[in-house]
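Below: the structure, in structure tokens.
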Amino acid sequence: MKIINALTAVIITLVLIWALQTKFGDIPPVGKFLNPGTGFWQNAESKNAYADEELQMPGLKGKVVIKYDENRVPHIFAENDHDLYYAQGFVTARDRLWEMDVQTRQAAGRLSEVIGKAALGSDEYHRRMGMVYGAENTLKGIEKDPQVKEAVDAYTDGINSYIHQLSPKDYPIEFKLLDYAPEDWKPINCAFLLKLMSETLAGGSEQFALTNDLKHFGAKVVADLFPDYPYLEDPIVPKGTKWDFKPLPIPKPSQSFIAQQTDSVVTAGIPEGIGSNNWAIAGNKTASGYPILANDPHLHLTYPSIWYQLQLSSPMVNVYGVSLPGAPCVVIGYNNKISWGVTNVGADVLDWYQIRFKDNSKNEYWYNNQWNKVTRRIETIKVRGGADVVDTVIYTHHGPVVYDNAGEKKTGRNSNVPVGNALRWIAHDESDEFMTFYMLNRGKNYDDYRAALTHYTAPAQNFIFADADKDIAITPNGKFPLKFKDQGKFILDGSDPANDWHGWIPYDQNPTVKNPARGFVSSANQSATDQTYPYYIAWRFDGPYERGKRINDRLTAITNATADSMRNLQGDTYSIHAQNVLDAMLKYLDHTKMSIDQLQAYNAVKNWNKRYDATETGATIFELWWNNFYRMTWEDKFANKKMVLQYPNRDRTVKLLLTEPNSKWFDNTRTPAVETAGDIVNIAFTHAVDELVKQKGQLNDNWQWGRVKTTEIDHLANLPAFGSGPFLYGGASGVINATSGGNGPSWRMVVQLGPQPKGYGVFPGGESGNPGSFYYDNMLTTWRLNELNELLFLQSATDQPGKIKSTLTLNKK
């Protein structure tokens, strides 16, 4: 009996040991994870844990000195550019290795390797969208330029030097949770970061739903409800700007047909809030007499941050700003002579073409009055815990036929892709965007800025500029296809060569303005130009008019501006949208016939200051009221179960309210009565109040905007314990502080140009990607208060020693 008990105990022990070392579904191997020597305990870091270090590194040509300031921002001083980018890769990997790994896996369609079949749909989507194909082409462009190739290769070597020195106990905690090890970095991974940005900023499409609108309502209605230029607009390049060039001949429109397979397509539109603000104000409007530049790109807010802050210095360059973890150079920043920033253009650089195959073999497709051979690309997706998935993607001269039969589609994000259509996307083209940033990092004046932009392809950005010579400028810039008007607004006939892209708008004919008379340049994702610009860039742009209008109004009025007044403007929550429509909506309400709850809400919104501050109840009432009004205006006509239709946008709805109150579009077709704008306004108000009372009780502090619109920063893997949790914060998609949903100012920067530039900046998070580090989220409070940190821009490795907390020295081995 004792022997049996002993054997039983041994078996149970062995099973337990096996179980503790085995991953079950999403649960990591508990034994490994809890191991005090190698598990998550090893990831804890104290605020004061960093001491001076000296390391011997293979591959360096000389000595590199890295100074860390109070926010753990690295200031890298190298004796040559090779070592500079090697060190950038090394320190970025030390702080953000898992973020770099998972983002490139996402873009490359390789999440299934570490997550399993749950990620297969995402991987198939990214492979079929041509993300790997596009990254391979970008790498070809990178390798053609010796300077950029050296930077990318050195950056890669620096990352790998860090990876090679890691033991399992040193792995970032996410590797331990998912039970996998980091792999060697490759140069193509840097290109994947660019593809991921193109997907985020230039990967949306409304062509499917608009094509359905055309079929359902007809061309006249679509032209009326979806105009090619907004009712209200204050463009980036000021109205009336003269174009100092002779434009190329504009292609003639083709006889396009409407795609027959889009009736049931669920479209992923272009969401508001994915945008940004930037501006530069001339010296004659500032207290110092020199320009001030401000930039705050609005992207999805995550821990770790999308940005990594650093300084890069060698005999050839000295620059400060933010980089993309996984890519060399500074993307947004400043040096001793110039500063620059970016916002998204929203150019029409993604088109769908309906393809007619010869037969079910799909070996040939009809184009230019003849049958043409397709090519096929084999995509092999490795799946953790399962067999490899081998996927074959058909390519035409346009690009990949993302889904050539309905069986290949899965539900989820890829439901926006129509069956039988080829994708023409600028992100597939050979490019070398890193050269733009390489040159900007070293730029000294306006001419250098303009030269750098000629190397930039995608995603198209509004590049803003200011320099110590007192020049300011802005250029909506990218590689823009030469198109006829509205080419790509609807799905195109893939058999007609007239529907192809017809070349490119010359870079020197991209819209631009330098030193305008008004004394500032700015952008907030609105239209790039007025309607005199000869080329078609897009029929609609990302941002609502209101943010750009508010910025321009404030900059027009401002004098003796300082960096602090620019900081205040970045946090502005005043709503031009409410300014435009609130009085018109209030006039339709009869407060003498209201209930007590309605009267309280009426008085609150009537007396509201039109600011989306966290403590404002008027903002909550107005937002819900307007959303109800918008939905009730369009839902009965556009919520079609048989086909997905594109709703008219806010600008068109505002015009309808202000100028066409008796329009047929206000009539609810589901009721016998004939409604007008006034009727819909009243019904929408009643519903808004009823909803708030039901959810929050009678008017009280729970109606405050910050309590209704909770703000939260999620972990990149949606791990709740590693996110910020909800907090009170103001802002909205249509105001300058465009914080809405999970999007918001991902990096705020203000730079005062002059003999000695002064920079200020912050992002919501910290430099470290380790949730156990003080520096994981130490800058969030500063960001929440709409404040900025003074940026430490050193002129040498021995500059301002009192502000340095630790030093890392890298020596060649």
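Heavy-atom basis, side chains included; hydrogens, waters and symmetry copies ignored.
- Looking at Asp469 and Lys337, no side-chain N of the basic residue comes within less than 4.0 Å of a carboxylate O on the acidic one, giving no salt bridge.
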Kindly determine whether Tyr507 and Leu453 satisfy side chain to side chain contact (heavy atoms under 4.5 Å, CB included), including the steps that lead there. CA-CA 8 Å; Tyr507 275 102; Leu453 299 193; 5.6 Å; no
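- Residues in residues 757-767 take part in these salt bridge (charged side-chain N to carboxylate O under 4.0 Å, His left out) pairs, two or more places apart or across chains: Lys758-Glu790.
- The aromatic rings of Tyr449 and Tyr446 lie tilted to each other, with the angle between the two planes from 30° to 60°.
- Not counting sequence neighbours, the partners of Trp243 by the side chain to side chain donor-acceptor pair (under 3.5 Å) test are Thr532.
- Closest heavy-atom contact between Ala524 and Ile551: CB-CD1, 4.1 Å.
- For the side chain to side chain donor-acceptor pair (under 3.5 Å) test, residues two or more places apart in sequence or in another chain that qualify with Arg550 are Asp572.
- Between Phe520 and Trp279, the ring centre distance reaches or exceeds 6.0 Å.
- A cation-pi contact, defined as under 6.0 Å to the ring centre and within 45° of the axis, is absent between Lys479 and Tyr456.
- The ring-ring contact (aromatic ring centres under 6.0 Å, His included) with His577 is formed by just one residue from the set Trp626, Tyr545, Tyr630; it is Trp626.
- Taking the six-membered ring for Trp and thresholds of 30 and 60 degrees, Phe793 and Tyr334 have ring planes more than 60 degrees apart, a perpendicular arrangement.
- Ion pair Glu623/Lys709 not flagged as a salt bridge, since none of the NZ, NE, NH1 or NH2 atoms sits closer than 4.0 Å to an Asp/Glu carboxylate oxygen.
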